[in-house]
Amino acid sequence: MSKEVKPETVSLCPLNMAAAPEQTPLCIFGTGDLGFSLGRRLLQSGYRVVYGSRRPHSCGPLPPGTQVMSHGAAAQSANLVFICIHRENYGFLETLLPELRGKVLVDVSNNLKKNQYPEANAEYLQRLVPGAHVVKGFNTLSAWALQNGPSDANRQVYLCGNSAEAKQTVAETATKLGFTVLDRGSLSAARELEDFPLQLFPEWRMPLRLAVGLTAFFFFYLLIRDVIYAYVEQQKDISFRIMVSLANKVFPIVSLIMLSLCYLPGVIAALLQLYRGTKYKRFPDWLDRWMLCRKQLGLVALAFASLHVLFQMLHIHFFLCCLFKIKENRTSEFDTAIAWRTDSYYSVGILGFGLYLLLGITSLPSVSNALSWREFSFIQSKLGYVTLLFCTLHTYLYGWNKFLRPSTYKWYTPPGYMLSLIVPTVVLVVKLLLLLPCVDRTLTRIRQGWERTDPEDGCEKSLLA
């Protein structure tokens, strides 16, 4: 009896290609989650897809309409090959050198940690298959993003490679899939691309550290002034106030300081430009990093403001107690000044929080992409300063005339709300100075390209002439 020979190709519900012209397929090495999602996305975009597998007859579920072949047969049938396997399994590619010669190999692999290997995966792949053109790309996309299509958060595909033609081929495919392509240069940038998925909130580190530091400082500061002071000086145990009352003092303080820190770097940058008389000199690195994380600072500040609103709702009965004080079954005399202060305090706070929410909503990519630059700048800059003004005024109304009372300064320390007013007050005062016509006119000219001539430079130029 003759031995049955299994074919190298298996069709999975092939599409009817009779009416369509023959198209060169794209090849995918790897039938895992990423390979499955990538193949499905390519099919939806009109490509023919073939999979290369060690076991073509038992490789698991794949998208309908694709074909499964051995690695060698799949590589011969396509000019573009996606390598969707781990670096540890690259070894078999050395046996496919003739089939992969001249092909474009897209390395989509990532590592478990930074500097796991002495060289990037894409560079190692290029060394294994020197006759191919290796392009690093698609490694920053998840299987979910490939299946569901690009969104605002993950629509970018980073590419790098030594062959411009190979990168152009991959870029055209990525564009057809609906992604935006960013070329990062030669293959030496592959390690940087492979480190992208390993980064855990890199832009949030400084805002979160700052928020934790401010929260811890003011929590212990207020704990000493309110709870420990009452226990030591007045023999009162008010430790029960730590969970709600004390927290409700910390949250608005941290929120106001962090909101003012969003606009402080812009003020510093304007002062530097006025001092230098030009916009063409780079800002210090610390100021650049500060300005890049302003969005994150604002969102963290909004989170603390939201917590303050929720905690304040637990204390809403205090508002009524300010108007009607019941003592010995008698209602105290109505104080119109206190009523005005209380109503103003709450109304200004509500308006400030409403503007706060507007700033947070417009910072979302899905919303900001629908706005023009002028609209986005108006909301985030001009309305941002108005928000800071309302929140600062809200805090001043909270303090009112308490700063005149000696009892306010427990153990000769100022209350927390006074400390929180320092930075926003400085920002608002300096901003008002920058809005003066004589200052604003000069700053506008500088930002339009005008440069102030240095007298010493003018003397040197005249001598040289």
Side-chain angles (χ1 to χ4, degrees), residues 6-87 89-90 92-93 96 99-100 103-110 121 125 132 134-151 153-159 166 169-181 197:
K6 294 183 179 180
E8 284 191 335
T9 303
V10 177
S11 297
L12 302 177
C13 303
L15 299 173
N16 184 13
M17 303 295 294
E22 189 68 18
Q23 184 184 26
T24 303
L26 302 183
C27 175
I28 299 176
F29 281 4
T31 56
D33 292 338
L34 186 63
F36 178 93
S37 302
L38 179 58
R40 182 177 178 179
R41 187 67 187 167
L42 289 170
L43 280 174
Q44 293 173 350
S45 300
Y47 288 101
R48 287 180 56 208
V49 179
V50 296
Y51 282 92
S53 175
R54 292 171 294 176
R55 298 182 297 272
H57 302 277
S58 59
C59 61
L62 291 174
T66 60
Q67 291 181 302
V68 188
M69 307 178 181
S70 64
H71 287 120
Q76 285 182 334
S77 66
N79 295 323
L80 181 61
V81 182
F82 290 90
I83 310 297
C84 300
I85 57 179
H86 293 288
R87 175 186 175 129
N89 301 320
Y90 282 178
F92 77 93
L93 296 174
L96 302 175
E99 291 85 352
L100 296 177
K103 305 298 174 92
V104 178
L105 306 184
V106 184
D107 177 36
V108 302
S109 65
N110 288 313
N121 296 347
L125 178 61
V134 176
V135 176
K136 186 72 184 183
F138 287 86
N139 65 302
T140 57
L141 301 178
S142 63
W144 182 91
L146 287 169
Q147 278 199 26
N148 295 276
S151 62
N154 48 27
R155 61 183 178 181
Q156 294 180 335
V157 171
Y158 297 93
L159 300 179
T169 301
V170 180
E172 290 175 357
T173 304
T175 302
K176 193 171 182 180
L177 295 183
F179 296 99
T180 302
V181 177

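Residues V181 and L159 form a side-chain contact, since some pair of their non-hydrogen atoms from C-beta on lies under 4.5 Å apart. Annotation: side chain of V108 is not in contact with side chain of I83 (no heavy-atom distance under 4.5 Å). For the pair H71/F29, a side-chain contact is recorded, criterion being any heavy-atom separation below 4.5 Å from C-beta on. L80 is listed as a side-chain neighbour of V106, based on a closest heavy-atom distance under 4.5 Å. Here the side chains of Y47 and R41 are not in contact, with every heavy-atom distance at 4.5 Å or above. Within the 4.5 Å cutoff, side-chain heavy atoms of M69 are placed close to those of S77. In this structure the side chain of L125 reaches within 4.5 angstrom of the side chain of L93, judged on heavy atoms. Counting only heavy atoms from C-beta outward, the side chains of V104 and V170 approach each other to under 4.5 Å.
Nearest heavy-atom pair across I85 and S109 is O-CB, 3.8 Å. Closest approach of S53 to T31, counting heavy atoms only: CB-CG2, 4.3 Å. Of all the heavy atoms in L100 and A132, the pair that sits closest is O-CB, 3.5 Å.
Distance check: C84 SG to L34 CG gives 4.5 Å after rounding to the nearest 0.5 Å. Summarising the geometry, atom OG1 belonging to T169 is positioned 12.5 Å from atom NZ belonging to K103; distances are rounded to the nearest 0.5 Å. Atom-to-atom distance recorded for Q76:CD and C27:SG is 11.0 Å, nearest 0.5 angstrom.
Test V49, L43, L38, L42 against P63 for side-chain contact (heavy atoms from CB on, under 4.5 Å) and you get one pass: L43.
Proximity of a side-chain donor or acceptor of T66 to a complementary backbone N or O of L62 within less than 3.5 Å is not detected. Counting only distance, with no hydrogens or angles, the side chain of R48 and the backbone of L26 share no donor-acceptor pair below 3.5 Å.
Annotation: cation-pi geometry not satisfied between K136 and Y158 (NZ/CZ under 6.0 angstrom from ring centroid, within 45° of ring axis).
Taking the six-membered ring where the residue is Trp, the centroids of F82 and F138 are separated by under 6.0 Å.
With a 6.0 Å radius and a threshold of 12 heavy atoms from other residues, nucleotides or ligands, N89 has its CG atom above the threshold.
In summary, the side chains of N110 and N139 do present a donor paired with an acceptor at a separation below 3.5 Å, with no hydrogens or angles considered.
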